Amino acid sequence: MPKIAIDAMGGDHAPQAVIEGALLAAQDFPGELILVGDPDTIERELARHRGAPKFQIIAASQMVPMHESPSAALRKKDSSIAIAFELMRRGEADAVVSAGNSGAMMAIGMFVMGTLAQVARPAILVVVPSLDKGTVIVDAGANVDCKPRHLVQFGLMGSIYADRVLGVPRPRVGVLSNGEEDSKGNDLTRAASEQLATTALNYIGYVEGRDIFNGKVDVVVCDGFTGNIALKSMEGVASFAGEVLKDVFQRNITSKLGYLLSRKALSEAYRRLDYAEYGGAPLIGLEGVAIIAHGGSNPRAIKNAIRAARDAVNQEMNRHITEALSDADGSAGARKEGLPRKLWERFKSKIEALGEKTESPDGSEERRKSGE
Amino acid sequence: MASNRIAFVFPGQGSQYVGMGKDLCGDFGAAKKVFAEADDALGFSLSELCFAGPEADLKLTENTQPAILTASIAALRVLEEETSMRPALVAGHSLGEYSALVAVSALEFGDAVKVVRERGRLMQQAVPAGEGAMAVVLGLEMDAVRALCDDAAQSEVVSPANFNGSGQVVIAGAKQAVARAMALAKERGAKRVVDLPVSAPFHCQLMQPAAEGLKEVLHNITVHPFHVGVVTNVEADVNLDARRVKSLLIEQAVRPVRWEESVKKLGALGCDRAVEIGPGKVLKGLMKRIVPTMEVDNFELPSDISKIAAA
């Protein structure tokens with residue numbers, strides 16, 4: 001049963017939302033939860049919930065404000081984030097969950113735990129709603145500048161997460177680009193795409209922003225700059241759509257009646273669109289399991305972040321990543337499980353096709369496409 | 001899981017020797033690649049200079065700086081490939097801070113090697129030959145050395161350049177002022193005062209023209225955001241802010257290297273182990289005296305791998 005250290009002091013609505021989230025998690029699934037923070041504050045908050053289970057509380061005398069710089073956060077040796085990571089380092093916790101300062105989470109996580117062997121850069125992995133089990137986006141913001149080989153590793157780690165934690169067998173991996181054709185993209189995506197095609201991942205080529213939601217791809221690979229913009233745009237559209245709906249339904253008596261009738265379906269739709277349902281974002285590639293929950297997390301989002309932590313531990317996510325990366329070209333994981341010969345051939349022909357295209361005098365095709 | 005919290009530290013000038021990096025390149029492709037990249041970036045065979053000399057050329061600071069950086073990064077890449085060792089924090093002595101920044105991916109190696117070559121050139125040109133000097137003062141406290149420099153200055157420049165720990169302070173400045181400071185140091189009870197055979201007075205105000213040149217050189221370089229903290233020479237504290245890297249490097253040229261405090265900071269933040277990566281063992285010696293409980297290894301030769309991995 002995984003032991004999860006929760007930063008009780010992190011997030012816009014801490015500690016109330018965090019502690020309520022922990023209570024929800026304790027009701028919903030087994031696991032040992034450790035609350036880290038100011039003991040008095042935590043006790044006081046817990047006292048408001050009658051019949052609350054007995055959580056282990058570990059004291060931390062400092063906290064990291066949401067906008068504190070990573071350098072300043074790192075100097076606070078007794079912050080709730082640092083203590084939570086220390087518990088994991090000592091083996092007293094299997095995972096860390098925080099809705100706090102994500103830059104501080106990364107810095108402290110790197111300081112206390114370091115990366116898994118062979119991982120060049122840890123990344124933020126986010127699962128966004130889709131018509132199916134959700135789509136993984138990696139990197140969602142940790143690394144604004146990336147090399148092709150980093151993107152290849154993101155693809156591999158994202159693929160393992162989708163497979164093991166989300167339960168998507170042989171997840172389809174795509175590189176986020178400005179068009180599906182091989183001729184699109186930039187230097188980074190082209191090189192990453194060529195390299196990904198040679199791995200044993202189920203690589204499907206370029207995908208576009210809209211494909212994130214249509215179930216065409218399971219793991220969307222991009223640098224952290226692109227990923228963060230994509231993610232923030234989605235959040236913006238989601239809240240805008242909500243406002244529009246509210247506005248339309250409130251217009252007159254008929255529309256209000258319509259709202260009453262469709263209320264249940266709407267709340268179901270809202271639930272599926274809500275980031276809170278999808279829980280936190282793992283710092284993937286880090287030694288140990290660290291989950292960043294949205295700063296504005298409500299109790300349900302915290303509960304789901306705890307669930308994500310539990311799943312990552314139970315599914316031995318890190319062991320699978322390390323095994324897959326222990327092969328120099330990063331393709332061992334899937335190959336060991338027997339990659340069909342046909343797939344390799346497909347990859348091969350893909351690379352060859354790519355080579356041809358780059359050699360052919362471009363321009364004509366490019367112009368045609370930009371004219372569409 | 002990591003049993004220790006490890007700091008990677010990188011040497012500065014003075015650690016160079018003819019033959020450095022040669023054995024690593026013989027045994028590891030990763031090291032060879034780094035030297036090849038340096039040769040490529042600089043447009044001449046730095047590797048030849050490192051492996052075969054002549055020593056007189058290797059000692060020219062515009063060669064020494066890229067050479068030590070390259071040998072250090074070559075060793076780092078081997079260590080990364082051969083072990084699962086990863087740093088919790090990094091630091092470097094003077095030039096070594098550039099190696100540290102490469103180690104955390106803040107600087108690209110190809111950029112860094114060009115920058116430090118220019119840095120060497122600028123530092124050499126900043127003060128005409130023979131006008132500057134450096135000396136080591138042993139057995140006086142930091143504040144005592146600061147005070148005696150002030151007293152010896154007489155409107156010329158002389159100031160502490162490296163606080164190396166355990167009573168070792170390097171001073172730098174104008175030749176006459178350094179000579180006065182050396183005499184004063186002896187008078188005030190220094191155990192030993194030794195003249196340093198250097199080509200220019202590093203880390204003092206006389207380096208201001210070099211700092212200005214460095215500012216221009218760094219202007220065209222990209223600093224990438226990084227996640228592993230660098231304990232800087234100027235502040236002896238952790239920096240994780242990519243936007244501050246350039247100004248800290250520029251300032252470093254005219255400010256003392258606060259090595260003693262930096263090592264103490266590494267210890268205070270929980271590093272109980274350090275690995276000096278690159279040529280020589282200068283830092284290892286210094287660090288063991290600053291924080292005796294810290295376990296310090298060095299990595300420069302293929303045979304060091306098993307020693308480090310076993311520890």
Side-chain angles (χ1 to χ4, degrees), chain A residues 68-78 82 85-86 88-94 101-124 139 141-147 149-150 223-225 228 283 285-288 318-319 322 325-326 328, chain B residues 1-8 29-30 33 76-77 79-90 103-111 221-232 234-245 248 265-273 275 309:
Chain A
E68 189 158 63
S69 77
S71 316
L74 200 57
R75 287 181 206 122
K76 290 185 171 171
K77 290 185 72 178
D78 205 39
F85 272 109
E86 286 294 343
M88 180 156 70
R89 179 179 153 85
R90 291 203 300 264
E92 289 162 34
D94 301 301
N101 181 325
S102 58
M105 276 285 279
M106 177 60 98
I108 296 170
M110 285 294 278
F111 174 71
V112 177
M113 306 301 295
T115 58
L116 292 170
Q118 316 287 343
V119 170
R121 303 265 189 95
I124 295 174
D139 175 12
N143 309 280
V144 290
D145 298 300
C146 293
K147 296 270 170 64
R149 66 190 174 90
H150 300 139
D223 63 73
F225 180 81
N228 192 267
L283 279 176
L286 211 65
E287 183 82 65
N318 285 348
R319 184 173 64 79
T322 310
L325 285 175
S326 65
Chain B
M1 189 171 295
S3 57
N4 299 74
R5 192 165 295 159
I6 305 172
F8 281 4
K33 227 173 97 184
L76 171 75
R77 297 295 178 233
L79 194 67
E80 284 173 342
E81 204 164 281
E82 297 297 311
T83 72
S84 59
M85 206 178 268
R86 295 289 180 272
L89 290 171
V90 299
V104 298
S105 305
L107 296 179
E108 310 257 346
F109 171 65
D111 288 340
I221 298 294
T222 307
V223 178
H224 304 288
F226 52 102
H227 302 310
V228 172
V230 180
V231 174
T232 64
V234 169
E235 296 186 327
D237 206 346
V238 178
N239 180 41
L240 271 164
D241 187 347
R243 292 165 304 182
R244 298 192 61 225
V245 164
L248 286 165
K265 177 62 80 172
L266 293 174
L269 286 169
C271 291
D272 44 13
R273 195 173 173 206
V275 184

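Not measured: the values here are computed from a predicted model. Protein chains get the first letters and strands the later ones, always in sequence-line order, with residue 1 at the start of each.
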If you define the side chain from C-beta out and look only at heavy atoms, does anything of B:Arg5 sit under 4.5 Å from A:Arg89?
yes

Contact origin within A:Lys147 toward chain B - heavy atom pairs under 4.5 Å
side chain

Smallest separation among heavy atoms of [X] and [Y], with atom names:
| X | Y | answer |
| --- | --- | --- |
| A:Arg121 | B:Ser105 | NH2-CB, 3.8 Å |
| A:Phe111 | B:Leu269 | CZ-O, 2.8 Å |
| A:Ser71 | B:Leu240 | OG-N, 2.7 Å |

Mind checking side chain to side chain donor-acceptor pair (under 3.5 Å) for B:Glu82 and listing every partner two or more places apart, or none if nothing turns up?
none

Indicate yes or no for a side-chain donor-acceptor contact from B:His227 to the backbone of A:Ala142 under 3.5 Å, with no hydrogens or angles considered.
yes

Would you mind checking which part of B:Glu108 comes under 4.5 Å of any heavy atom in chain A, side chain (CB onward), backbone (N, CA, C, O), both or neither?
side chain

Most heavy-atom pairs under 4.5 angstrom with chain B, which of A:Leu74, A:Val144, A:Leu116?
A:Leu74

In chain order, what residues pass the salt bridge (charged side-chain N to carboxylate O under 4.0 Å, His left out) check against A:Arg75, with sequence neighbours excluded?
B:Asp237

